[in-house]
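Here the structure is laid out as structure tokens; the discussion comes afterwards.
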Amino acid sequence: MENFPVRINADGTITREPDVLPRTPAKPDPNDNTIALSKDFTVNQSKNIWVRIFLPRQALNNNNNTCSSSSAKLPLIIHFHGGGFVLKSAATSTIHEYCQLIAAQIPAVVVTAEYRLAPEHRLPAAYDDGMEVLHWFKTSQDGWLQQYADFSSCFLTGDSAGGNLAYQVGLRASAIVDDLLPLTIKGLILIKPYFSGVKRTESELRLEKDPDFPLAINDMCWELALPLGADRDHEYCNPTVGGGSKLIEKMSSLGWRVMEYVGFADPMSDRQIEFLKLLDQKGVAVVGHVDGSGHRTRDFVGPALCGYFKDFVLSSTKTA
């Protein structure tokens, strides 16, 4: 675990190594040479929950009248970053680059959320923060959101731990859809979602020494993130335990679609495929993509993923 930028201290706290994960500031200036403008908004100052909004540059080049109706506005994508629930930020440079790329290529308004990390704030704190972000949209008066974002075509997405978070927030949101209006969720896009369990799968054993995310680091992150006393068969970690959440049927009844992107070279790939089968069995419309060379932390912003992402959003919007 010498390459993992977290050290566990004797008292159970952790130290995150500085400068290992560089950050990028928001870039709201239209004169900046960037494919998408971005700006930050505080959601809850006491909890340090905030969002970064990405607006594709081409939206500014359109006449304002083209965004006067819902049909002319852009899909709204709410993103949660990865990092094993213990690392990264909405401002992490790789996250910033990914979100602006998705915003430009779909095109869409992308909002990535800053949430509290473990072990200082164990789960379900991150899920609670994700829900607070969803409620924030009801009162936000931001001009970009009001002018360019179609609140009736919203998608929740995330990579790794963010994919887990998007799923758990989606479950909660499915139970209170009327309370979230005008935000209307159409589906989830889960990029190599971070799931595990007590019993090892074939992919976990085969990739136990994976250079990107060895099993020892996986176990450590879950030990830091789960509620005290919980094991990896807790529902936050293992979404198939006990036959899955009863709210999956609610997602199905709402007509939500779920896309999952699985990397075969990801130690968690068997978990992700098992999860997708569970959703399908419960009547959720699922779209699965298994990339034969997809490592957990490499190439998650590659052209194949961007294409799948765009096709899913646009097809879900057309069939809504």
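The structure presented is a predicted model; accordingly, all values stated were derived computationally and were not measured.
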inquiry  = Show the nearest heavy-atom pair for residues Ala36 and Ala103, with the distance to one decimal.
reply    = CB-CB, 4.3 Å
query = Should Tyr98 and Ile191 be marked as a side chain to side chain contact (heavy atoms under 4.5 Å, CB included) after you check the CA-CA gap, both sets of side-chain angles, and the distance that decides it?
reply = CA-CA 12 Å; Tyr98 170 66; Ile191 312 303; 3.9 Å; yes
key: Check against side chain to side chain contact (heavy atoms under 4.5 Å, CB included), His81 and Thr92   = CA-CA 9 Å; His81 68 80; Thr92 299; over 6 Å; no
task = In plain terms, say whether Lys27 and Asp32 are close enough for a salt bridge, that is, a side-chain N and a carboxylate O under 4.0 Å apart.
result = no
query = Does the side chain of Phe155 reach to within under 4.5 Å of the side chain of Ile185, using non-hydrogen atoms?
reply = no
query = When you measure from the side chain of Trp256 to the backbone N and O of Val284, does any donor-acceptor pair fall under 3.5 Å?
reply = no
request  = Taking all heavy atoms of Tyr261 and all of Gln272, pick out the closest pair and write down the distance.
outcome  = O-OE1, 4.4 Å
inquiry  = For a 4.5 angstrom cut-off between non-hydrogen side-chain atoms, does Asn238 reach Phe195?
reply    = no
message = Under 3.5 Å, is there a donor on one side chain and an acceptor on the other for Glu235 and Ser245?
response = no
key: ring-ring contact (aromatic ring centres under 6.0 Å, His included) partner of Tyr194, chosen from Trp222, Phe275, Tyr236   = Trp222
query = Is there a donor-acceptor contact under 3.5 Å from the side chain of Asp129 to the main chain of Arg116?
reply = yes
inquiry  = Please tell me whether Asp159 and His79 have a donor and an acceptor in their side chains that are separated by less than 3.5 angstrom.
reply    = yes
request  = Test Arg232 against Asp219 for salt bridge (Lys or Arg N to Asp or Glu O under 4.0 Å), laying out the working first.
outcome  = CA-CA 8 Å; Arg232 293 190 306 278; Asp219 293 352; 3.7 Å; yes
request  = Taking Ser269 for its side chain and Val262 for its backbone only, find out whether a donor-acceptor pair lies under 3.5 Å.
outcome  = no
query = Looking at side-chain heavy atoms only, is the closest gap between Leu181 and Phe151 below 4.5 Å?
reply = no
request  = Spell out, as yes or no, whether a donor-acceptor pair under 3.5 Å connects the side chain of Asn9 to the backbone of Asp11.
outcome  = no
message = Given 3.5 Å as the limit, does a donor-acceptor pair link the side chain of Asp210 with the main chain of Phe213, or not?
response = yes
message = Tell me if a side-chain donor or acceptor on Ser252 pairs with a main-chain N or O of Gly283 at a distance below 3.5 Å.
response = yes
query = If we only count heavy atoms from C-beta on, is the Pro267 to Asn218 side-chain gap below 4.5 Å?
reply = no
ask   = Checking side chain to side chain contact (heavy atoms under 4.5 Å, CB included) for the pair Phe85/Leu224: CA distance, chi angles, key distance, verdict?
value = CA-CA 8 Å; Phe85 293 111; Leu224 294 170; over 6 Å; no
query = Is Glu223 atom CD crowded by more than 12 heavy atoms from other residues, nucleotides or ligands, each under 6.0 Å away?
reply = no
query = Are Thr42 and Asn44 linked by a side-chain donor-acceptor pair shorter than 3.5 Å?
reply = no
ask   = Which atoms form the tightest heavy-atom contact between Cys154 and Ile78, and what is the distance?
value = SG-CD1, 3.6 Å
task = Answer yes when Lys138 and Asp179 have at least one side-chain N-carboxylate O distance shorter than 4.0 Å, and no when they do not.
result = no
message = Using the rule side chain to side chain contact (heavy atoms under 4.5 Å, CB included), only one of Ile102, Leu314, Leu101 pairs with Phe309; which is it?
response = Ile102
message = Enumerate the ring-ring contact (aromatic ring centres under 6.0 Å, His included) contacts for residues 29-61, please, sequence neighbours excluded, ordered by first and then second residue.
response = Phe54-His96
key: Contact check, side chains of Ser89 and Arg23, non-hydrogen atoms, under 4.5 Å   = yes
message = Strictly distance-based, threshold 3.5 Å: is any side-chain N or O of Ser140 a donor or acceptor partner for the main-chain N or O of Phe137?
response = no
request  = Could you go through the side chain to side chain contact (heavy atoms under 4.5 Å, CB included) check for Val133 and Val51 one step at a time?
outcome  = CA-CA 8 Å; Val133 168; Val51 296; 3.9 Å; yes
Heavy-atom check, side chain of Pro227 versus side chain of Arg122, under 4.5 Å = no
ask   = Side chains of Arg257 and Ser315: donor-acceptor distance under 3.5 Å anywhere?
value = yes
key: Side-chain heavy-atom pair Pro28, Leu37 within 4.5 angstrom cut-off   = no
Where Ala108 and Pro75 come nearest, the two heavy atoms and their spacing = CB-O, 3.3 Å
Electrostatic pair Asp270-Arg200, nearest N-O below 4.0 angstrom = no
task = Would you give the length of the straight line joining atom NZ of Lys186 to atom CG of Leu76, rounded to the nearest 0.5 angstrom?
result = 12.5 Å
query = Any Lys/Arg nitrogen of Glu120 or Arg16 sitting under 4.0 Å from an Asp/Glu carboxylate oxygen of the other?
reply = yes
note = When Val109, Val111, Ile53 are each screened for side chain to side chain contact (heavy atoms under 4.5 Å, CB included) with Trp144, the one that passes is Ile53
key: side chain to side chain donor-acceptor pair (under 3.5 Å) partners of Thr34, counting only residues at least two apart   = Gln100
query = Can you check salt bridge (Lys or Arg N to Asp or Glu O under 4.0 Å) on Arg271 and Glu204, steps first, answer last?
reply = CA-CA 9 Å; Arg271 300 278 180 195; Glu204 288 171 333; 3.3 Å; yes
message = Keeping Ser153 on the side-chain end and Asp150 on the backbone end, is there a donor-acceptor pair under 3.5 Å?
response = no
query = For the hydrophobic clusters of this structure (ILVMFWY residues joined by side-chain heavy atoms under 4.5 Å, transitively), does one cluster hold both Met220 and Leu21?
reply = yes
query = Looking at side-chain heavy atoms only, is the closest gap between Leu207 and Asp266 below 4.5 Å?
reply = no
key: Side chain Arg57, main chain Pro30, donor-acceptor under 3.5 Å   = yes
query = Quick one: do Val169 and Leu278 end up in the same hydrophobic cluster if we chain Ile, Leu, Val, Met, Phe, Trp and Tyr together by side-chain heavy atoms under 4.5 Å apart?
reply = yes
ask   = Is Ile217 reachable from Val198 through a run of I, L, V, M, F, W or Y residues, each pair having side-chain heavy atoms under 4.5 Å apart?
value = no
Salt-bridge criterion met for Asp142 and Lys39 (N-O under 4.0 Å) = yes
Minimal non-hydrogen separation, Thr24 against Ser93, with atom names = OG1-OG, 2.8 Å
query = Ignoring hydrogens and geometry, is there a side-chain-to-backbone donor-acceptor pair from Ser38 to Ala26 under 3.5 Å?
reply = no
request  = Answer with yes or no whether the hydrophobic clustering places Ile176 together with Ile248; edges join I, L, V, M, F, W, Y residues whose side-chain heavy atoms lie under 4.5 Å apart.
outcome  = yes
query = Below 4.0 angstrom, N of the basic side chain to O of the carboxylate: do Arg52 and Glu114 qualify?
reply = no
ask   = For the hydrophobic clusters of this structure (ILVMFWY residues joined by side-chain heavy atoms under 4.5 Å, transitively), does one cluster hold both Met131 and Leu183?
value = yes
message = Which heavy atom of Leu247 sits nearest to which heavy atom of Ala175, and what is that distance?
response = CD2-CB, 4.0 Å
ask   = Which value, rounded to the nearest 0.5 Å, describes the distance between Leu180 atom CG and Arg172 atom CZ?
value = 12.0 Å
